[in-house]
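Residue numbers begin at 1 in each chain, while the letters A, B, ... track the order of the sequences.
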Amino acid sequence: MRILPFSTCPPSTRASPVLVEQRLARYYGRTMLDHKFVRDNLEAVKKNIADRYMKADADLVASLYDKRNETLTALDEQRKKRNDNAAAMKGKIEAAIREKLIAEGKALKETIAELEKGAEELEARLLEEARKIPNMAHPGAPVGKEDKDNLEVKRVGEPTKFDFQPKDHVQLGQELDIIDFDTATRVSGTKFYYLKNQGVILELALVRYALDILMKKGFTLFTTPDVAKTEILEGIGFNPRGAESNIYSIEGEGTCLIGTAEITLGGYYSGSVLDKKDLPLMLAGVSHCFRREAGAAGQFSKGLYRVHQFTKVEMFAYCLPEDSDKIHEQLRLIEEEIFSGLGIPFRVVDTCTGDLGAPAYRKWDLEAWMPGRNGGEWGEVTSTSNCTDFQARRLNVKFKDDDGKNKYVHMLNGTAMACSRGLISVIENFQQEDGTIKMPAALVPYCGFDTIRKIEKK
RNA sequence: GGAGCGGUGUCCGAGCGGUCUAAGGAGGCGGUCUUGAAAACCGCUGUGCCGAAAGGCACCGAGGGUUCGAAUCCCUCCUGCUCCGCCA
């Protein structure tokens, strides 16, 4: 069976069609919400699509699925005839009979070729349409269109008060000579940055602080590749192509710069059947994250908040379906612990249906207080999603259940520390009147200093 | 990047156009025997799709081709190992 390659893929960003086709074939038939589920739960699926303000045609998927099955059944019948025909010719038989059988075989060959062509077309169309259908949303997730419809469910600490006019991290970073945006713009472009002096140490401290917490919780630590294959990105639920894509593609390679280690950690067990007794698998990965942020220019993207490259510690879990709600809760609590431990005020938000993203069943964001952001504002610092079996289907990750059947695992991810936004939170919340930054106590052992002040030239 | 040799079931490994419904081992599960164990013997032991089921189809790295019929022949690609080149 042949798969039609991505017709929408711009030539400059794709590998040879043959290559892409071969890679996709490995995940053939898995890149979607279960067809049968769509067909059998049509109304619920349609409501879910509407709640999420997405465009997908569930009716079309259902009808294509039925048509495809009809064709496949017909095809199987013809194939059986072909096999029987070939079997009939195994031994010594009369020449006349053999001639007759060969003629029949030739006719069957043509019929089969036609049916196969039809099946391929249906399969490709079904795949294309089914790919657009998002995961079902948690019944408890707030229904709404934009981030303003998200529901605040918890607050830890209160917005930091200052006896002076606080500065933003851009100004502080430049005055302390720990972040350099201007040179990065000249060398690499806008939305890049150099960290410098204690800024370098602070970033590494944030990474190590997060890793130590995760290690204690039994996570397996990784540094992951910063590059991943297109089909892995697709499997995780990213769209690596098109003008609106947030992903950088590597020309001619069929690979992309990862936007998060969720991609490489989620791809780690792609195509595997996991041992039930090993679940849940808790992974933590350090990687660089690359995002195009096309069309995200303007004052709201000033500084480190929205950048093309940052370092992140990501958590990832593979678990049994019945455990995923519980694991999701655990991931959120770890995120809370990390930010509570730093003494940074934050709130927890239950993300609304329209803001979930296609793979997520439910998502919680932690928003830290950022005193320098528009005069003080909550800004997203972490996010944890339960993607249930959506990614597992696309990447073919299963476990062997007690009944002997292979079933899809549930996959979850969460941010432990996005360094760029972590830096903003620390720098802005811990700034002092004299322009120095007092380090949170938890970071002092990792930094080796308790205050960031400008290094004077000797 | 160049050359040579490979990729078969959980693993090892045979297979060179129809007897492959994939030999033979190993491992695993169940059973017989035994006080218990070992040994021996017998049976079972991959995945996906369609189907209520019976059953059917597909899969020998991937894709395409030749053929009435392909694990087996041809082409392309991927991947592993060895040697050479380059390199932190």
*Asks:* In Watson-Crick or G-U wobble terms, both distances under 3.5 Å, what is the partner of B:rG55?
*Replies:* B:rC50

*Asks:* Is there a Watson-Crick or G-U wobble partner for B:rC44 with both distances under 3.5 Å, and if so, which one is it?
*Replies:* B:rG28

*Asks:* Under 4.0 angstrom, heavy atoms only, what part of the nucleic acid is A:K106 near: base, sugar-phosphate, or nothing?
*Replies:*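 Result for A:K106 = sugar-phosphate.
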
*Asks:* Measure the distance from OH on A:Y408 to P on B:rG48 and round it to the nearest whole Å.
*Replies:*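 To the nearest whole Å, that distance equals 8 Å.
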
*Asks:* Write down the partner of B:rG7 under the Watson-Crick or G-U wobble criteria, each distance required to be under 3.5 Å.
*Replies:*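 Pairing partner, where one exists within any strand: B:rC78.
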
*Asks:* Name all residues meeting the side chain to side chain contact (heavy atoms under 4.5 Å, CB included) criterion together with A:C447; count only those two or more places apart in sequence or in a different chain, and write none if there are none.
*Replies:*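 So A:C447 forms a side chain to side chain contact (heavy atoms under 4.5 Å, CB included) with A:I201, A:L202, A:A205, A:M439, A:L443, A:F449.
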
*Asks:* Go through the structure and list residues passing ring pair (Phe, Tyr, Trp, His ring centres under 6.0 Å) with A:Y268, not counting sequence neighbours.
*Replies:* A:F222

*Asks:* OP1, OP2 of B:rA58 versus side-chain N and O of A:R82: anything below 4.0 Å?
*Replies:*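 Result: yes.
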
*Asks:* Check this for me, if you would: do A:E123 and A:R68 make a salt bridge, where the nitrogen-to-carboxylate-oxygen distance has to be below 4.0 angstrom?
*Replies:*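 Yes.
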
*Asks:* Would you mind classifying the nucleic acid contact of A:K400 as base, sugar-phosphate or nothing, using non-hydrogen atoms under 4.0 angstrom?
*Replies:*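 Result for A:K400 = sugar-phosphate.
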
*Asks:* Can you find a side chain N or O atom of A:N85 that sits less than 4.0 Å from OP1 or OP2 on B:rG69?
*Replies:* no

*Asks:* Return the pairing partner of B:rC87 with a 3.5 Å limit on both distances, Watson-Crick or G-U wobble; otherwise return none.
*Replies:* none

*Asks:* Is there a side-chain contact between A:K80 and the phosphate of B:rA58, meaning an N or O under 4.0 Å from OP1 or OP2?
*Replies:* no

*Asks:* Counting Watson-Crick and G-U wobble pairs only, both distances under 3.5 Å, name the nucleotide matched with B:rG69, or none.
*Replies:* none

*Asks:* Determine whether a donor-acceptor pair (N or O, by modelled atom type, separation under 3.5 Å) exists between the side chain of A:N135 and the backbone of A:C387.
*Replies:*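 A pair under 3.5 Å: yes.
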
*Asks:* Please determine if a side-chain N or O atom of A:N83 lies less than 4.0 Å away from the OP1 or OP2 oxygen of B:rG56.
*Replies:*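 Checking B:rG56 against A:N83, no side-chain N or O comes under 4.0 Å of OP1 or OP2.
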
